Amino acid sequence: MSRILVADDEPHIRKLVSFTLGNRGHEILQAEDGGQALDMAKLEQPDLILLDVMMPVMTGYDVLDRLKADETTAGIPVIMLSAKSQSTEVQEGLNRGAAQYICKPFTPKDLVRQVNELLDT
Amino acid sequence: MPLPLLFPLFPARAARLAGIDAGRANTTVMRCVRIEGMTMPTDKERRCFSHIRAFMAGTREGMLAISPDRTVRMLNEPAAAMLQLTRAKTVGSPMDVLGIAELTLSIETALAARTVVQGGFERRNRCYSFTITPYEDGPAAGAVITLRDDTEILAATKRSEAILLSTSDGIIAFDAEDRVTFVNPAAETLLGKGAEQLVGLTTDTWTIFGLAADPEGGVRETGTQTREVRMEEPARRIVDVRIDPVFDDRRTYLGSVSTIRDVTAEREAMQMKNEFVSTVSHELRTPLTSIKGYIDLILDGEAGEINEIQQEFLSIVKENSDRLVELINDMLDISRIESGRIVLKVQPIDVGERIAGAVNTFRAVLDQQGRSIHVDVPEHLPAAAGDPDRVGQVLINFISNAIKYSPEGGDVYVKAQVEDSHIKVGITDEGIGISPGDQAQLFTKFYRVDSSLTREIGGTGLGLSICKSIIELLSGEVGVDSEQGSGSTFWFTLPLASARHVRTPSLEGPLGTPGGRILVVDDCEDVANLIATYLSRRGYEVVKAFNASEAWELALELEPRAITLDVMVDQGAGFGLLEHLKADPRTSKIPVVVLSIICDEGRSQRCGCTGYLEKPIDKNRLVSVIDGLVGSIASPTVLVTDDDRNIVDLLTRTLRQRGYAVMAAYDGKEAMAAVAQTRPDAILLDVRMPVMDGYAVLEALKADPSTADIPVVIMSAYQLDDDYANILSLATQLIGKPFDVDDFVAHIEEVMSENEPEPTASGGDAS
């Protein structure tokens, strides 16, 4: 069982991710915007973070940059969850240090597989 | 007015702008005509001149003669009409009676200097031109004058000039010597330069825009050239520039004309549309994520049991949401193509290889349905110019259609062949066929053949349109040949790769059993076994590792000659392993070939891989890549460069037989690309080659410190050019053609032993 932080401004998507991963026994923390996501990551030290890109207050990339710059959070793997699906956009996310990049829409199965892959290593 | 007249049309304007006086410019010294016996004629002589009188009466040009005493000796009817004189009153009178000061002054000039004088004058809103030719009359001189009414032709010229002056497109005309002869006001505004700054300059349109000229040459050689130019000065603008050569009826080159069209507003509108599409598609993805996600949860049984009807209905919802996602992806593709944001990496591609790759993705599906796919590609199909990924996308689209639209089964045939200067690929099915009416519209956006089958299959109606755009961007064509009920052939063409495209020669290992130990890292046992089978049949000793830590230990312990690595091993730990291998001096020299399903060549290369292969794995490619790598480690590498393929083949075979790894380049640019990729231990270089000759290659190699010490052997069938003696002195050896192959190889071995700094003649860092 792991603690996973889900940051997305869309409540239905937060719930979808929470339900899917919660069903597999993970503890889910939710953040509604980039600012909250950064604060919670530092405070709660989750095992994995799922980050939307386009969020209010702070974009997912800003959050990612700050997480990687802070040594207390730099080691937490981050999966980007984004509607930006062109190969150049995916490449950008990976270059910035995301461990994985999942394009929306995604299937719950894909999500579970990617999350497990990261948590197992 | 046809365009060829553009050049003679504006001598006055051109000359004025160039600061030359038109009158003087037109005055040329010619000759003085001598007409014997021009004193008062006898009757006999009058009869003799009757044909001249008839000639003068018949012509529409005005003609008059002035005697040495400056009286009018004769004039014809048209001259009298032009000057509004009567012949009876004029003949015998002093020439002042003509009443045209410009004309009489010019006659004086012509008589004084005994030269031909041309000029013109205006009277009563009509324009006349004249030519005065002096003739010798004993010691004195008279003159004959021809007059022409140029009013109509000048009016026509002015009309054409007015059209060019008032069009909103900028126009610049050049003569055959590349001198600017005309610049219209629109061009002046767009360029922010006055015509007086440009007319008379010997230049090129691209140079005027501050751009490099076309490397292929001027429009006289290349035909029409077009470019979209982004200008910063005098204003931020986007312009379409088009240069057309101008020829006359007899195909004589007269010069060129450049048209500059301001397309800023259109491009901005296009950009807004594309941003809109991009935003909308992103906005659509968010609700679709929820729709798809929750349906998948329910269908997977994660929200509790559902009954069969619920399952069926939700499957329909899921299918349609998948279709929406596909539509959005296609829309983004279209928008990228239309806005020119699509990046095409055009390079020489092996069409057969692309076909094999695309066909492989469908093998499983077809096997399941008990159908076959037949591939017919000639053995020595030349390379085509294209983007390998995009050509693959088109092939997959066509093949997938061929399968989908033959519901009754039937085989699929893929055939490639050379047709003129293109390679044509056809994909034939045994399906329902397409009516002529539908064929015509098949490649247009959102067009779908209306039938129960197409409604059932779904699809977005964008796939073929995307294929058409991609192929047309690659300078090919697409089409379909079909008869209803008896199948269809969808085809596309790609131009043959020209000398402009640089192929990077691949490395071929020595002939004979390659041997050596290869470490295969893959967490899927089936895949590892498959790779092991391919490689051990080829003569390699294969060791398998199923996770990253095992792989690391084996790499340290066994020092394999090469490693194949699935980066997804251990849930994606492969990249970490690759970095680890490259960071440790004990393993950093072992070449690693990444095998991946996730198409991440860029990341693999950053991590330091030597080769990259996509899954599913193509046996031949795998073997040739491994052979090349092992060869480059175990044996010295020779780069063979010659435009004569027979010589390259002969040398390649001989050298490989003798245990060398060989890279084969067919011109200088390919040779440079090969050297940049893998440093050879010796280079064999022909002198006379297209694209980039041996002299240029030799110079470039010696100028670069990282390649300066590679021994170069020059081969030439010709007397070597003394002008290049300095460059040739850089070469290690010169060998004349024809040569004996065995002698030749002996030479190479000699060169390489002299130049061998280390005990092993390895290429050093082969990656």
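Quick caveat: nothing in here was measured; it's all calculated off a predicted structure. The sequence lines fix the lettering, A, B, ..., with proteins before strands; numbering per chain opens at 1.
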For this session: Please check if atom NZ in A/Lys68 has more than 12 non-hydrogen atoms from other residues, nucleotides or ligands closer than 6.0 Å.
Result: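 Correct, the count exceeds 12.
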Exercise. Got more than 12 heavy atoms from elsewhere within 6.0 Å of CE, B/Met272?
Worked result: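 Open: at most 12 neighbouring heavy atoms sit under 6.0 Å from CE of B/Met272.
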Problem set entry | Set of side-chain contact (heavy atoms from CB on, under 4.5 Å) partners for B/Lys468, sequence neighbours left out |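 Result, side-chain contact (heavy atoms from CB on, under 4.5 Å) vs B/Lys468: B/Phe443, B/Glu472, B/Val478.
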Problem set entry | Reported CD1-to-OG distance for the pair A/Ile13 and B/Ser290, which is rounded to 0.5 angstrom |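 The CD1 atom of A/Ile13 sits 4.5 Å away from the OG atom of B/Ser290.
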For [range], give me every residue with a non-hydrogen atom less than 4.5 Å from any non-hydrogen atom of chain B.
{"range": "residues 30-53 of chain A", "result": "none"}
{"range": "residues 18-26 of chain A", "result": "A/Phe19, A/Thr20, A/Asn23, A/Arg24"}
{"range": "residues 100-112 of chain A", "result": "A/Lys104, A/Pro105, A/Phe106, A/Thr107, A/Pro108, A/Lys109"}

